[in-house]
Amino acid sequence: MDSNLFNRLLSAAACRVVYPESFGQMDDNSSSVGSDNIDWNTDDELEITNEQEIANNISSSSSVSMSTNGTVLSEFGESSSSSNYLSKLHRFIKMGFPQAMVEKVIAEIGDHDIDAILDTLLSYTYLDETPHQEQELNDSFVKSESIFESDFSDLDDSCSDEDTNESFEKDDSLVCLIDMGYSHGEASAAITRCGKDVPLSELVDFISAAHISKQADAEFDALTYEEEVLKQPKDKKRKSQKGNFLMKKKTIEKKPKRKRKNEDEDDDVLHLPNPMIGFGVPHEPFHNIHRTLPDAAIGPPYFYYENVALTPKGVWNTIKRFLYEIEPEFVDSKFFCAAARKRGYIHNLPLTNRFPIQPLPPRTIFEALPGTKKWWPSWDKREQLNCILTCIGSAQLTDRIRLALENSNSKGECECEPSEQVKKFVINQCKKWNMVWTGKTKVAPLEPDEIELIMGYPIYHTRGANRAERYKGLGNAFQVDTVAYHLSVLKNLYPHGTNVLSLFSGIGGAEVALHRLGIPMKNVVSVEKSVVCQNILQDWWEQTNQTGNLIHISDVEDVTVEKLGEWIGRFGGFDLVIGGSPCNNLAGGNRRTRDGLEGEHSSLFYDYFRILDGVKSIMGTN
DNA sequence: ATCACCATGATGCATGAA
DNA sequence: TTCATGCATCATGGTGAT
């Protein structure tokens, strides 16, 4: 896409009252679940287990963000219907329809007939082809539901005036599509695919077709699953049926997938580099220090975004499209420390004169955990650990492995190696759960302080939190050496210190990295939901005698344009906007809700973009 | 109410054989 | 090329003890 177009899209997007699909999704999140009850970053306070409870929670909450759905729920009466309602609301918002529109349609025709709702939504979308009409429709939704009260309302007025005077048709199309509730990515993709001069109806048709196809697929899955599985008794039969079903689905899907591979798969999939060294890592010969950033991407401020590399398909493409078409830098932290950590980073930092922080961290298991060497059998060839996750192997697994090894050894009645089968079992489990040898027949998970060392944090950085919180905080954190290597280029640029906006701070990986680089922090605004993590960062801030000012904000929703303007006015601008948005719905370890970028937690990426773009707008206008 | 503990697969890529 | 197999993966939700 041409960069000018994209600039305009972004600036227009920043001025919308009604955010596109993604933001509708986000609104749904914030209103479906009480903001006091969800830890977006660490997710362990997720006490709500079903929609019934969610509905109850909403109705009993007095949070400001609840007000919207508070009125909605009161219209639908009992919590059971609320649950149903929420489920359907969520479903249609996921399809890309604006929340306000879905609420309106369900209020009009009820929530029983899904087809009717879909038809009505589509006809609304089709009928309102002209920008003027669509704007009115959305405005009426906004007013009647009194939803989007805050962030961009001031800007919107001025921008809509500009829009009406806008003479570029292609920009109008983008703005209209965004107004209609489609995401930037969808809108830009549709224009790219269909051409810039096609009628709006054709663009809508393109996007709607994609939605319907996606939804039909999902519904087919759900229906077939229900038909085939729910009839069966529970437990094993159920599992096997599900397995059969999935096998069927795979065989059905395979052919079209291959066709796409030859055609346009490259449009949707970003390829991960092998070896995963990004623009270069220490001790590796390959380095690329030349890249051309799109105009819209150039700072100030510098920004740095991080998430897991191994996401469902298309996620990184979407992230890239939002973050100014910058190519992600995929790096495995195994080149920096003793554990693998495959992550993608999108940033607009310079690439020249990077340097690692000293002292260099241990790169092998034996260097990081010398106590394990004594027990490490020769047939366990691991030299580095797998990714540090948020939970650890069970004590029962340790016992099972101990028994397997003891039985295998006693059979041979000698000190020889266990059988190949036992070795394979043990190795697989050790790799899966990152267990290390702590005895002749004993493997155990890493202790929190060992993980702190590997992840580049001061020892006992997370001390004080309970064990599960420590594992979770560390499992969600930056690998400090990796991030610091990328941020090292800032040292010469800001000898007198930086102002940092740290989003989804967690246990403070960004702050620790800057500190270890010797880059002073004048002001840090840290946005982090978890009180435990806030305390960890605050304690570290005090222990390291930071002279700067640390401000805690608990919710990204509270980071409004007004707040950003206030901080920017006070600090003279942010030098760095840094953060990794929640990966819960992207991570491979998630069995239940790996829903992609539109998932409950991971959709907070759009808040990262919203805030970053807000900072860029304000600093640009200033 | 809090915390420790544990069982719970699917996805997408890499690799190599047919 | 196609297919089978191997492999790693910032997690979730339930249960029970305190």
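Numbered from 1 within each chain, the chains take letters A, B, ... in sequence-line order. Worth saying up front: this structure is predicted, and the values here are computed from it rather than measured.
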Between C:dC10 (P) and A:Lys529 (NZ): distance, integer Å: 24 Å
Is a salt bridge present between A:Glu469 and A:Lys472, judged by a nitrogen-to-oxygen distance below 4.0 Å? no
Across all chains, not counting sequence neighbours, the side-chain contact (heavy atoms from CB on, under 4.5 Å) partners of A:Thr441 are A:Arg402, A:Leu405, A:Glu406, A:Asn409
With rounding to the closest Å, how many angstrom separate the P atoms on C:dT9 and B:dC6? 22 Å
Count the heavy atoms belonging to other residues, nucleotides or ligands that lie under 6.0 Å from CZ of A:Phe366, then report whether that count exceeds 12. yes
Please state the C1' separation for the pair B:dA14 and C:dC10 - nearest whole angstrom. 22 Å
Counting only side-chain N and O atoms of A:Asn585, is one of them less than 4.0 Å from OP1 or OP2 of C:dA11? no
Expected rows: protein N/O vs nucleotides 3-5 of chain B N/O, under 3.5 Å:
unit_1 : atom_1 : unit_2   : atom_2 : d
B:dC3  : O5'    : A:Asn466 : ND2    : 3.4
B:dA4  : OP2    : A:Asn466 : OD1    : 3.4

The side-chain contact (heavy atoms from CB on, under 4.5 Å) partners of A:Arg400 (sequence neighbours excluded) come to A:Gln396, A:Leu397
Measure NZ/A:Lys313 against P/B:dA10 and give the value in whole Å, please. 17 Å
Can you see whether A:Thr593 engages A:Glu600 through a side-chain donor-acceptor pair at a distance of less than 3.5 angstrom? no
Between A:Arg467 and A:Glu447 (salt bridge meaning N to carboxylate O under 4.0 Å), is one present in this structure? yes
Could you check how far CE of A:Met435 sits from C1' of B:dC6, rounded to whole Å? 12 Å
Each nucleotide N or O in nucleotides 6-9 of chain C that has a protein N or O under 3.5 Å away: list the pair and distance.
unit_1 : atom_1 : unit_2   : atom_2 : d
C:dT9  : OP2    : A:Cys387 : N      : 2.9
C:dT9  : O2     : A:Gly588 : O      : 3.4

Which sits closer to the 5' end of DNA chain B, A:Pro273 or A:Arg592, going by the nucleotide each is nearest to? A:Arg592
Expressed as a whole number of angstroms, how long is the span from A:Asn590:CG to B:dT8:C1'? 11 Å
Using whole Å, what does the distance between atom C1' of nucleotide B:dA10 and atom CG of A:Asp595 come to? 13 Å
Indicate whether OP1 or OP2 belonging to B:dA7 is found under 4.0 Å from a side-chain N or O atom of A:Arg400. yes
Scan A:Trp316, A:Tyr608, A:Tyr606 and name whichever one has a ring-ring contact (aromatic ring centres under 6.0 Å, His included) with A:Phe322. A:Tyr606
Separation of A:Glu600 atom CD from C:dT12 atom P, in whole Å? 9 Å
Are side-chain N/O atoms of A:Thr462 and A:Arg470 paired as donor and acceptor at under 3.5 Å? yes
Between C:dC10 (C1') and A:Leu503 (CG): distance, integer Å: 17 Å
Give the dot-bracket line for DNA chain B from 5' end to 3' end: parentheses for intra-strand Watson-Crick or G-U pairs under 3.5 Å, square brackets for crossings, | for inter-strand pairing, dots for unpaired. ||||||||.|||||||||
Of the listed B:dC13, C:dT12, C:dC10, the closest approach to the A:Leu272 side chain comes from B:dC13
Return the 5'-most residue of the pair A:Arg591, A:Gly393 with respect to DNA chain B, ranking by each residue's nearest nucleotide. A:Gly393
Report the residues that fulfil side chain to side chain donor-acceptor pair (under 3.5 Å) with A:Trp437, sequence neighbours left out, ordered by chain and then residue number. A:Asp380
Quick check: do A:Phe303 and A:Ile346 have side-chain heavy atoms less than 4.5 Å from each other? yes
Are A:Phe605 and A:Phe504 close enough that some pair of their side-chain heavy atoms sits under 4.5 Å apart? no
Should the pair A:His347 and A:His486 be assigned to parallel (<30°), tilted (30 to 60°) or perpendicular (>60°) ring geometry? parallel
